[in-house]
Amino acid sequence: MSATIFEKSKAGRRAYRLPENDCPVERIDLPHLRTSALGLPEIGEQDAVRHYVELAAKNYHVDKGIYPLGSCTMKYNPLVNEEAARLDGFTGLHPAQDDADAQGALELMYRLERSLSEITGMSAFTLQPAAGAHGELTGIMLARAYFLDRGEKRATVLIPDSAHGTNPASVAICGFKPKTVSSNERGLIDPAALEKEVTEETAALMLTLPNTLGLFERDIHEIVRIVHAKGGLVYMDGANLNALMGIVRPGDIGVDVMHVNLHKTFSTPHGGGGPGSGPVGVAPRLAPFLPVPRVVAGPDGYRLDDAAPKSIGRVHPYCGNFNVFVKAYAYIRATGGEGLREVSRNAIINANYLLSRLRGFYDLKYPGPCMHEFVLSARNLKRYDVRATDVVKRLLDYGLHAPTVYFPLIVEEALMIEPVETESKETLDRFADALAAIAGEAERSPDKLHEAPVTTPVRRLDEANAARCPDLCCPGDLD
Ligand SMILES: *Cc1c(COP(=O)(O)O)cnc(C)c1O
């Protein structure tokens with residue numbers, strides 16, 4: 001491994017040259033003054049540049065290769081969206097600017113809300129939530145406000161066992177009781193079983209569509225009817241809208257409230273910790289409860305309106321993560337309605353192609369066809385003492401990113417694969433060839449998988465500790 005930037009440090013080397021100070025020197029007094037050196041590396045500018053280039057080369061990212069993390073929609077983010085988000089008119093705006101001076105920004109938010117309503121069939125949207133999980137919380141808060149307003153006491157939210165972990169968490173934070181609904185042998189909600197669970201106590205059914213197995217709920221009309229018949233609401237986790245655009249509009253099938261992730265389907269880069277955006281769409285009966293301020297269009301232009309007596313209030317300072325709105329809006333406009341339908345069709349066909357290529361090599365608990373993703377099981381390799389972890393660690397040695405593993409929980413040794421629409425057939429083939437080869441290695445030389453990865457800068461990490469107590473310092477670089 002090459003030397004770290006701390007090892008390259010030479011006392012007195014500088015990457016900058018500052019002009020002579022021509023201001024009076026003010027001294028900082030103890031206890032605010034440092035008493036020891038900061039311990040930063042001292043290197044020249046070229047070495048600093050090389051340091052960052054080396055780090056970037058070690059990193060794996062969407063611009064380097066396929067990134068098939070299921071449920072994450074790691075697709076190509078057109079770079080032109082970044083240019084749009086960086087326009088001076090947007091970056092120079094102050095969030096507290098008068099409405100009259102921010103007409104372009106307000107119009108963009110208004111139009112983005114309308115576009116999302118058109119794509120999903122929902123009546124109105126709020127752009128405030130900063131992520132999918134935040135959207136879930138907002139959506140469930142809307143449901144709570146709706147029932148409070150009606151004077152109905154409903155305590156339970158039903159959630160299928162295939163759901164994303166954020167679903168029950170959002171429900172619990174909001175003061176409802178999450179209750180699990182079991183999937184049937186096809187990985188779907190069984191209407192007859194659901195009917196037994198739904199009562200006058202049920203506030204909502206929170207379902208993911210397509211579900212996390214990548215399957216579309218075939219009985220969705222019946223499911224919605226059952227929940228509505230008892231006065232409950234249907235919440236749809238639409239974080240993965242990639243399979244539905246131009247094909248199914250949740251509003252048309254009776255969904256009452258949903259969130260979408262702009263940082264998935266709408267091509268905003270993500271994975272590095274933000275910023276994201278999880279707008280929430282509602283049916284007309286929930287619209288009075290949406291967060292304020294709302295962007296409204298009037299004869300004198302666009303303005304922010306706080307006048308909504310039933311609103312749940314703010315869920316974010318100012319209007320949300322505005323630069324994410326710009327990227328999503330640019331993507332929607334550049335792609336167009338027919339283009340968005342093509343996106344979804346290609347996401348579905350890519351997933352089904354990959355599934356058909358991998359079927360014989362890994363188990364498939366719930367038969368396809370799938371939507372934008374599918375879940376294989378590495379259970380068949382257990383007889384060689386090989387687990388899903390070993391398979392995906394070996395994939396790193398092939399220079400490819402791992403899929404999501406061990407989720408959803410209802411599939412043993414799960415490999416959750418979402419190829420997305422932007423990958424070419426050649427790339428999909430390379431990925432399928434690698435996974436097929438690894439299944440062969442598991443039988444012939446399982447130790448290759450147990451020892452993997454051998455080609456990466458670090459080998460197997462203690463994953464729990466790496467996530468919970470990251471040690472980001474080099475030994476001895478700081479006192
Ligand atoms: C990604 C995802 C979420 C959570 O979104 P965040 O922006 O990470 O909070 C929720 N549900 C599903 C189905 C998802 O795929």
Side-chain angles (χ1 to χ4, degrees), residues 62 67-75 77 116 120 126-141 157 159-174 178 181 183 187-189 204-217 234-245 248 250 255 257-281 315-316 320-321 323-325 327-328 344 347 351 370-375 403-411 414 416-420 467:
V62 180
Y67 205 131
L69 270 187
S71 204
C72 291
T73 314
M74 303 300 283
K75 61 204 227 177
N77 311 296
L116 293 174
T120 59
T126 174
L127 302 177
Q128 282 188 25
H134 192 194
E136 291 168 24
L137 179 63
T138 305
I140 296 294
M141 285 165 73
V157 175
I159 306 178
D161 54 6
S162 57
H164 207 272
T166 52
N167 288 186
S170 303
V171 162
I173 287 175
C174 209
V181 185
S183 308
L188 301 172
I189 298 173
L205 167 70
M206 193 170 196
L207 56 76
T208 306
L209 196 67
N211 71 15
T212 60
L213 296 164
L215 303 175
F216 192 84
E217 296 289 351
V234 176
Y235 184 105
M236 183 181 132
D237 181 335
N240 309 132
L241 206 64
N242 226 40
L244 300 189
M245 291 186 296
V248 174
V255 166
V257 48
M258 70 180 292
H259 76 272
V260 299
N261 276 26
L262 298 186
H263 53 286
K264 281 179 184 168
T265 312
F266 297 98
S267 112
T268 289
H270 61 291
S277 178
V280 170
V315 297
H316 194 287
N321 285 331
N323 70 339
V324 179
F325 306 161
K327 293 175 205 183
S344 289
C370 62
M371 296 291 281
H372 63 301
E373 67 188 357
F374 57 92
V375 180
T404 301
V405 285
Y406 299 110
F407 180 76
L409 304 175
I410 53 176
V411 176
M416 185 196 211
I417 301 172
E418 180 180 4
V420 307

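Quick caveat: nothing in here was measured; it's all calculated off a predicted structure. Just so you know, these numbers use all the heavy atoms, side chains as well, and skip hydrogens, waters and symmetry mates. When a ligand or atom number is given, it counts from 1 through the structure's own listing order.
The shortest N or O to N or O distance between Ala133 and ligand 1 is under 3.5 Å. The shortest N or O to N or O distance between Asn240 and ligand 1 is below 3.5 Å. Considering backbone and side-chain atoms alike, Asn167 places every N or O at 3.5 Å or more from each N or O of ligand 1.
Near Thr166, meaning under 4.0 Å from any of its heavy atoms, are these atoms of ligand 1: 10 (C). Near Asn261, meaning under 4.0 Å from one of its heavy atoms, ligand 1 places the atoms 1 (C), 5 (O), 6 (P), 7 (O). Interface of Ala131 with ligand 1, defined as ligand atoms under 4.0 Å from a residue heavy atom, comprises 7 (O), 9 (O). In summary, the atoms of ligand 1 found under 4.0 Å from a heavy atom of Asp237, numbered by their order in the structure, are 10 (C), 11 (N), 12 (C), 13 (C). Taking every heavy atom of Ser71 and a limit of under 4.0 angstrom, the matching atoms of ligand 1 come to 1 (C), 13 (C), 14 (C), 15 (O).
Summarising the contacts of atom 14 (C) of ligand 1 with Glu136, Met206, Lys264, the nearest heavy atom is found in Lys264.
Taking a distance limit of 4.0 Å, we find that atom 8 (O) of ligand 1 is approached by no protein heavy atom.
Here Phe407 contributes atom CZ and Ser71 contributes atom OG; the two are 5.5 Å apart, rounded to the nearest 0.5 Å. For the atom pair OG1 of Thr120 and CE of Met236, the computed distance is 8.5 Å after rounding to the nearest 0.5 Å. A distance of 8.0 Å separates NE2 of His134 from CD of Gln128, quoted to the nearest 0.5 Å.
Protein heavy atom in closest approach to atom 6 (P) of ligand 1: Gly132 N, 3.4 Å.
Inter-residue side-chain proximity for Val260 and Thr265 is flagged as unmet; no heavy-atom pair is nearer than 4.5 Å. Annotation: side chain of Val411 is in contact with side chain of Leu213 (closest heavy-atom distance under 4.5 Å). Here the side chains of Glu136 and Met206 are in contact, with some heavy-atom distance below 4.5 Å.
Note on ring orientation: taking the six-membered ring where Trp is involved, the planes of Tyr235 and His259 are tilted (angle from 30° to 60°).
At a heavy-atom cutoff of 4.0 Å, ligand 1 is contacted by no atom of Thr212, backbone or side chain.
For the residue pair Ser183 and Asp161, a side-chain donor N or O sits within less than 3.5 Å of a side-chain acceptor on the partner.
Residue Met371 forms a side chain to side chain contact (heavy atoms under 4.5 Å, CB included) with just one option from Leu215, Leu244, Val248, and that option is Leu244.
Not a single heavy atom of His134 sits under 4.0 Å from any atom of ligand 1.
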